[in-house]
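Before we start, here is the structure in question, set down as structure tokens.
Throughout, a chain's letter reflects where its sequence line sits, starting with A, and its residues are numbered from 1. Treat the numbers as computed from the prediction; the structure is a model and nothing was measured.
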2 protein chains.
Amino acid sequence: MTTIRDIARALGITPSTVSRALSGNPRVKEETRRAVEKTAREMGYERNVVAANLRKGRSMIVGIVIPRIHREFFSNCIGGAESILNQAGYSVLICQTLESVEAEIQALKTLKNYRVAGVLLSHAINAPNGDHVKEILGNTPLIQFDRVFPDLPGAKIVGANCDGAYKATRHLIEAGYRKIGTLAGYMTSQAYVERLAGYRMALEDAGLPFDEKLVYYNTIVRETGYEAGLKAIKAGCDALYSAGAFSALGAIDALKEKGIRAPEDFGIVGTANEGFTALMTPSLSTLNQHPFEMGEAAAHAFLEGRLDTQVIPMELIERQSSNKNNTWQK
Amino acid sequence: MTTIRDIARALGITPSTVSRALSGNPRVKEETRRAVEKTAREMGYERNVVAANLRKGRSMIVGIVIPRIHREFFSNCIGGAESILNQAGYSVLICQTLESVEAEIQALKTLKNYRVAGVLLSHAINAPNGDHVKEILGNTPLIQFDRVFPDLPGAKIVGANCDGAYKATRHLIEAGYRKIGTLAGYMTSQAYVERLAGYRMALEDAGLPFDEKLVYYNTIVRETGYEAGLKAIKAGCDALYSAGAFSALGAIDALKEKGIRAPEDFGIVGTANEGFTALMTPSLSTLNQHPFEMGEAAAHAFLEGRLDTQVIPMELIERQSSNKNNTWQK
DNA sequence: TGCAAAGATACAAACGTTTGCACAAATCGC
DNA sequence: GCGATTTGTGCAAACGTTTGTATCTTTGCA
């Protein structure tokens, strides 16, 4: 592989000038710059970023740490972040934690070892707090998105969880459902705490009672959603707001098993507009969290060195599963 | 940050010994090794992999280049590869091409610049051939999966495309459908060529005519699947084998629009067992390509330096969309 | 006891860049 | 035309590892 030394030798100048020429330093004559660029092209020069990173003490890599890559929500976040970061010359190193705090710690250590320029993090659901993050990352810029530790410093990109849950619940009320339970997530995560708050607020604003017994905690996957769905049916619910998408799917499994018609006899609204929600029968009303935009916002926050918290709105998508009077068209 | 020099100084030895001790070189006394490990821990030492990579001329990073991360097929491949590679101490750098050859070239260059230890590639659909890959990558180990250039050297992990398409088509024939078209993909990709061949073989083995007019090329997304679906209906087809999953979805859109019942009057089998295929109505019969296993196989091929081609079997999952007599249970 | 072999560590040169400082040449103001 | 500033390059020291070779010490064996 050709190095800047080779180019320097070929032109009878020093490597430093070549380096400066290639990195666009203004202290180099336009003429030399062109000559350098020309021979660099001719000799097939490719910059060794590893060496450059070592010298500079930081790399042009941004680490992204997420629970699972094959959740559409997260893969869209990645897509959004990657598009912005690539344009700015960064590459992304992606680590899955599979919801394990140990894997998260390992991933952060790896990223630190690679001296990444920054880390975009959505933490594992059962992480008790952000202490491990702070300890490992030190002063590496940290941008949290979706699942954030509020006490950790740095930029945060969050969904309008409370508002979204409020909209979803109010929608169920307006559709005519009356005993509305909720598939709540893990209270270790701020996002789910807020969704629960929004759900509660909507009930109370409508003069409906908030019943702690109708809150089914720790349900974010299909299986637990199914089990909670059975319990909700037994408890006499006629609707559920689900803080997740897959748990809502599980609840619909439960309805089908019990022969309960949705939306006529039971309404459901989920969160996270995963692709399947539009395709299943009944199609699932959900909250669109705009994951691509969240990823973009996280990338921008990193690039601009922002430290504030941005809230991405959530939008209700009304589909069949919450349409009590069954007037669904198309 | 503490370096091996600091540790060396603290112990009155040289950095080289510290390096050897930490990397498990047998030429260092057990006693020294323990001392080094102890002080390393005490001083909070974190190995600078960037420096190590520079010296060694290669990194412990494996690049993965794929068309789109949010296709379940690819995100599962990544998941499979990542799990194996992480265990072996590698990290993965992921690049999306969004089916653009230019982006693919850029991604490969970036990976080369990072001196990655190897590249796992599934090429953009409209890449004419693998010349750009060979030119950029040079002697960096290349493992191709799913979408491969047969003429490029190195390991390849492919699905049993021909066999899978054969199974799918034969299944439609056995179910009682008679005029079976196909939503073929792009003939620039070996995988789709083979699927078309399997489809044709199944027809001919059953004594049914192969009709070039019923082959709808370049359909792999929902929109083109929909359009091809309309054409197939007009042409009098009563079934389709789709070489993709999203195109099959589009074809079902077309059927619904025309009021044609599936599976009673029209059968469909797709490829790529995306999550939605099991959830939609009618649920879509598909071929499971075992993407997670493909990713694992690619990672193993890299780690073991294999150069051969492995074929991952495809398994037919019979669901509603191909069940002509509508005897679907559960 | 002596000598060879093996065992453990030190030395120093890389790896390919970047960058502060020095220095020469060119430009400028007066 | 002279000192002061600007402009363009060169020099050399990093950045933190790894590793081939050399050196020193210990061990084993006759």
Give S16(B) one of three labels, base, sugar-phosphate or nothing, depending on what nucleic acid heavy atoms sit under 4.0 Å from its own.
base
Judged by nearest nucleotide, the residue sitting upstream toward the 5' end of DNA chain D, I13(A) or M1(B), is I13(A)
Looking at every heavy atom in both K156(A) and P150(A), which two are closest together, and how far apart are they?
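Scanning both residues, the minimum pair turns out to be CE-O, 3.5 Å.
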Using side-chain hydrogen bond (donor to acceptor under 3.5 Å, both in side chains) as the criterion, list what pairs up with T140(A), not counting sequence neighbours.
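Residues passing side-chain hydrogen bond (donor to acceptor under 3.5 Å, both in side chains) with T140(A): K112(A).
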For residues 41-93 of chain B, which residue pairs qualify under ring pair (Phe, Tyr, Trp, His ring centres under 6.0 Å), counting only residues two or more places apart or in two chains?
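Every pair satisfying ring pair (Phe, Tyr, Trp, His ring centres under 6.0 Å) with a residue in residues 41-93 of chain B: Y90(B)-F302(B).
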Sequence neighbours excluded, which residues qualify as side chain to side chain contact (heavy atoms under 4.5 Å, CB included) partners of Q87(B)?
none
Using whole Å, report how far CZ of R34(B) lies from C1' of dA8(C).
15 Å
Check whether any side-chain heavy atom of D146(A) lies under 4.5 Å from a side-chain heavy atom of Q289(A), and answer yes or no.
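Result yes, sub-4.5 Å side-chain heavy-atom pair found.
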Side chain to side chain contact (heavy atoms under 4.5 Å, CB included) against R55(A), all qualifying residues, sequence neighbours excluded
none
Got a sec, which pairs hit side chain to side chain donor-acceptor pair (under 3.5 Å) with one end in residues 124-134 of chain B, sequence neighbours left out?
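Qualifying pairs, neighbours excluded: E104(B)-H132(B).
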Return the angle between end axes of the helix from dT1(C)-dA30(D) to dC30(C)-dG1(D), with five pairs used per end and rounding to 10°.
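Comparing the first five pairs with the last five, the axes sit 30° apart.
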Would you call R33(A) and E30(A) a salt bridge, taking side-chain N to carboxylate O under 4.0 Å as the test?
yes
Rounded off to whole Å, could you give me the CG-to-P distance for the L11(B) and dA10(C) pair?
10 Å
Once side-chain hydrogen bond (donor to acceptor under 3.5 Å, both in side chains) is applied, do any residues pair with E42(B), and if so which ones, sequence neighbours excluded?
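Result, side-chain hydrogen bond (donor to acceptor under 3.5 Å, both in side chains) vs E42(B): K38(B).
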Residues that F149(B) engages under ring-ring contact (aromatic ring centres under 6.0 Å, His included), provided they are two or more places apart:
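For F149(B) the ring-ring contact (aromatic ring centres under 6.0 Å, His included) partners, ignoring immediate neighbours, are H123(B).
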Just jot down the side-chain hydrogen bond (donor to acceptor under 3.5 Å, both in side chains) partners of N53(B), sequence neighbours excluded, or say none.
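Expected list: none.
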Residues of residues 17-32 of chain B with a heavy atom under 4.0 Å from any atom of DNA chain D, listed by number, are S19(B), R20(B)
Is there side-chain contact between L98(A) and R68(A), with heavy atoms separated by less than 4.5 Å?
yes
Contacting residues from residues 50-59 of chain A, given that a heavy atom lies under 4.0 angstrom of DNA chain C
A51(A), A52(A), R55(A), K56(A)
Taking any atom closer than 4.0 angstrom to a non-hydrogen atom of chain B, what span of DNA chain D does the protein reach, first nucleotide to last?
dG16(D) to dG20(D)
Shortest non-hydrogen contact from L54(A) toward A51(B):
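Shortest heavy-atom separation between L54(A) and A51(B) comes out as CD1-CB, 3.6 Å.
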